[in-house]
Structure formats: C-alpha cells, structure tokens
Undergrad: 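Structure below; questions to follow.
Bear in mind that the values here come from a model prediction, so they are computed numbers and not experimental data.
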Amino acid sequence: MISKSNLIVKKSTLFALRIINLYKYMQDENREFIMSKQILKSGTSIGANITESIYAQSTADFISKLSIALKEAGETEYWLELLYESNYLPEEPYKSILKDCTELIKLLTSIIKTTKEK
C-alpha cells in the first residue's frame, strides 16, 4: 500500500496544484469555461483517488482506487490535448504539464501491475 510520504502522493498533489493554476489561467486569461472545468475535475481527482487508496480495505479496493486514478489521468491527458490543439494552451506549458501527467500514468500503471502480481 502507499504511504503518505510516497512519491506518487507528492507528485499527484503537485500535479493537482498545477491543474488548479491552469484552471485559473484558462478562466482569467482565455475566458474558457467548459474544458477548464473538466480538466479541473479530472486533474484533481487523480490525487484524491490515490489518497483514498491509502485507506483501502483490501488489495482489491486498493487496485480499484488506483485504477480510477489512472482513468482520471487518462481523461486529464485528453483535456490537455484538446486545450492545446484548440490553441488555448501554449506549447511550452502544454509539454510541461503533459510530461507530469504521463509520469503519473506510468507510476500508476506500474503500481497496479506490481500489486496484481503479488
């Protein structure tokens, strides 16, 4: 199971803060309200589900919570691509935050796979 001091907890929290700042930027600078709300929900849900997995009642529950976090990360990746392709998000910030999202996806995939193999 994941401890509070675990790397993925820290990374998902920092990612959620980046998503919140992106949401504010989209609202204030671009007056974009639909996709930014979607990415706010999915991007902050990743860490919430990872945190929830800390308190899982069983291995199956642990895997389930992390699988939900993985799905939310995939959705976040989709919204990032849409924001970029629709010219709301410049290339530099897009590449930077996408890198963080991809890293979370890889970590979650690895943890889920390793846990299932035990």
Undergrad: Under a 4.5 Å cut-off applied to non-hydrogen side-chain atoms, are Ile54 and Val9 in contact?
TA: yes

Undergrad: How many angstroms lie between CD1 in Ile39 and CD1 in Ile20, if you round to the nearest 0.5 Å?
TA: 12.0 Å

Undergrad: Would you name the heavy atoms of Arg18 and Pro93 that are closest together and state the gap between them?
TA: NH2-O, 4.4 Å

Undergrad: Side chains of Ser53 and Asn49: is there a donor and an acceptor less than 3.5 Å apart?
TA: no

Undergrad: Please examine the side chains of Glu75 and Glu72, heavy atoms only from C-beta on, and report whether any two atoms are closer than 4.5 Å.
TA: yes

Undergrad: Say you draw a straight line from CG of Leu66 to CG of Leu108; how long is it, rounded to the nearest 0.5 Å?
TA: 6.0 Å

Undergrad: Quick check for you: to the nearest 0.5 Å, what is the distance between Met35 atom CE and Tyr88 atom OH?
TA: 5.5 Å

Undergrad: Taking the side chain as C-beta and beyond, is there a heavy-atom pair between Phe33 and Met26 under 4.5 Å?
TA: no

Undergrad: On a heavy-atom basis, which atom in Ile8 and which in Asn6 lie closest, and how many Å separate them?
TA: N-OD1, 2.9 Å

Undergrad: Any chance you could lay out the salt bridge (charged side-chain N to carboxylate O under 4.0 Å, His left out) test for Asp100 and Lys11, step after step, and finish with the verdict?
TA: CA-CA 8 Å; Asp100 289 349; Lys11 286 188 177 289; over 6 Å; no

Undergrad: With no hydrogens and no angle check, is any side-chain donor or acceptor of Thr51 less than 3.5 Å from a backbone partner on Gly47?
TA: yes

Undergrad: Using a strict cut-off of less than 4.0 Å between a Lys/Arg side-chain nitrogen and an Asp/Glu carboxylate oxygen, indicate whether Lys95 and Glu91 qualify as a salt bridge.
TA: yes

Undergrad: I'd like to know if Ile34 and Tyr84 are part of one continuous hydrophobic network [Ile/Leu/Val/Met/Phe/Trp/Tyr, side-chain heavy atoms within less than 4.5 Å].
TA: no

Undergrad: Under 4.5 Å between side-chain heavy atoms, hopping through other hydrophobics if needed: is there a path connecting Ile68 to Leu70?
TA: no

Undergrad: Are there over 12 heavy-atom neighbours, none belonging to Gln27, within less than 6.0 Å of that residue's CD?
TA: yes

Undergrad: Could you check whether any side-chain heavy atom of Thr76 comes within less than 4.5 Å of a side-chain heavy atom of Phe15, counting everything from C-beta outward?
TA: yes

Undergrad: Do Tyr78 and Leu82 come within less than 4.5 Å of each other through their side chains, counting heavy atoms only?
TA: yes

Undergrad: Can you measure from OG (Ser36) to NZ (Lys41) and round to the nearest 0.5 angstrom?
TA: 10.5 Å

Undergrad: Report yes if some heavy atom in the side chain of Lys71 is under 4.5 Å from a heavy atom in the side chain of Ser42; otherwise report no.
TA: no

Undergrad: Hey, could you give me the CG/CG distance between Leu22 and Leu17, rounded to the nearest 0.5 Å?
TA: 12.5 Å

Undergrad: Shortest non-hydrogen contact from Ile46 to Ser12?
TA: CG2-CB, 4.5 Å

Undergrad: Any donor-acceptor pair under 3.5 Å linking the side chain of Asn30 with the backbone of Glu32?
TA: no

Undergrad: How close do Cys101 and Ala73 get, heavy atom to heavy atom, and via which atoms?
TA: SG-O, 3.4 Å

Undergrad: Using 0.5 Å steps for rounding, measure from the NZ atom of Lys113 to the OG1 atom of Thr109.
TA: 10.0 Å

Undergrad: Using a 6.0 Å cut-off, check whether atom OH of Tyr94 has over 12 heavy atoms from anything other than its own residue.
TA: yes

Undergrad: Can Ile50 be reached from Ile112 by stepping across I, L, V, M, F, W or Y side chains whose heavy atoms are under 4.5 Å apart?
TA: yes

Undergrad: Start with the C-alpha distance between Ile111 and Phe62, add both sets of side-chain angles, then the distance that settles side chain to side chain contact (heavy atoms under 4.5 Å, CB included), and finish with yes or no.
TA: CA-CA 10 Å; Ile111 293 167; Phe62 177 75; 4.1 Å; yes

